[in-house]
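Predicted model, so just to flag it, every value in this text is computed and none were measured.
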Amino acid sequence: MSNQKKVLFCVFEPDDPKSVEQMRQMFIGSYPIFADMEAVEYKCWWVDEDRGQWGALYVFRSAEELEIYVGSDRWL
């Protein structure tokens, strides 16, 4: 069971919400990093400007790799 894929769905509500274009500019540099992470098989981010929310969906190869990621400096 521990080798089953795991999903992490995150929703953030920042005090100072950004536009979609501002979010792209802030995070465009992270695309190659996630593309090179073997543990992450898929990542998609989204912005809901009307609600002032943004978030991401990650698919990890295993629960162990998910736990390692959420304990990492990149996540924190």
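In the hydrophobic clustering, where aliphatic and aromatic side chains (Ile, Leu, Val, Met, Phe, Trp, Tyr) are joined below 4.5 Å either directly or transitively, I68 stands alone.
In this structure, CD on E13 lies 10.0 Å from CG on D15, to the nearest 0.5 angstrom. The structure places OG of S62 at 9.0 Å from NZ of K6, a figure rounded to the nearest 0.5 Å.
Residues passing the ring pair (Phe, Tyr, Trp, His ring centres under 6.0 Å) test with F34 are Y58, sequence neighbours excluded. Qualifying side-chain contact (heavy atoms from CB on, under 4.5 Å) partners for Q22, counting only residues two or more places apart in sequence or in other chains: K18, S19. Applying the side chain to side chain donor-acceptor pair (under 3.5 Å) criterion to W45, with sequence neighbours excluded, gives Y31. Considering only residues two or more places apart in sequence or on other chains, Q25 meets the side chain to side chain donor-acceptor pair (under 3.5 Å) condition with E21.
The list of salt bridge (charged side-chain N to carboxylate O under 4.0 Å, His left out) pairs with a residue in residues 65-76, not counting sequence neighbours, reads R61-E65.
Taking every heavy atom of both residues into account, I28 and P32 meet most closely at O-CD, 3.8 Å.
When hydrophobic clusters are built by joining Ile, Leu, Val, Met, Phe, Trp and Tyr residues whose side-chain heavy atoms come closer than 4.5 Å, directly or via intermediates, W75 is grouped together with L66. Linking ILVMFWY residues whenever their side-chain heavy atoms come closer than 4.5 Å, directly or via other members, places V47 and F12 in the same cluster. Following chains of ILVMFWY side-chain contacts shorter than 4.5 Å, one can reach V59 starting from F9, so the two form part of one hydrophobic cluster. In the hydrophobic clustering of ILVMFWY residues, with side-chain heavy atoms under 4.5 Å counting as a link, F27 and L8 come out together. Each of M23 and V11 belongs to its own hydrophobic cluster when Ile, Leu, Val, Met, Phe, Trp and Tyr are linked at side-chain heavy-atom distances under 4.5 angstrom.
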*Please walk me through it: do W54 and V20 pass side chain to side chain contact (heavy atoms under 4.5 Å, CB included)?*
CA-CA 9 Å; W54 62 278; V20 173; over 6 Å; no
*Step-by-step side chain to side chain contact (heavy atoms under 4.5 Å, CB included) determination, V7 to F60*: CA-CA 6 Å; V7 173; F60 287 83; over 6 Å; no
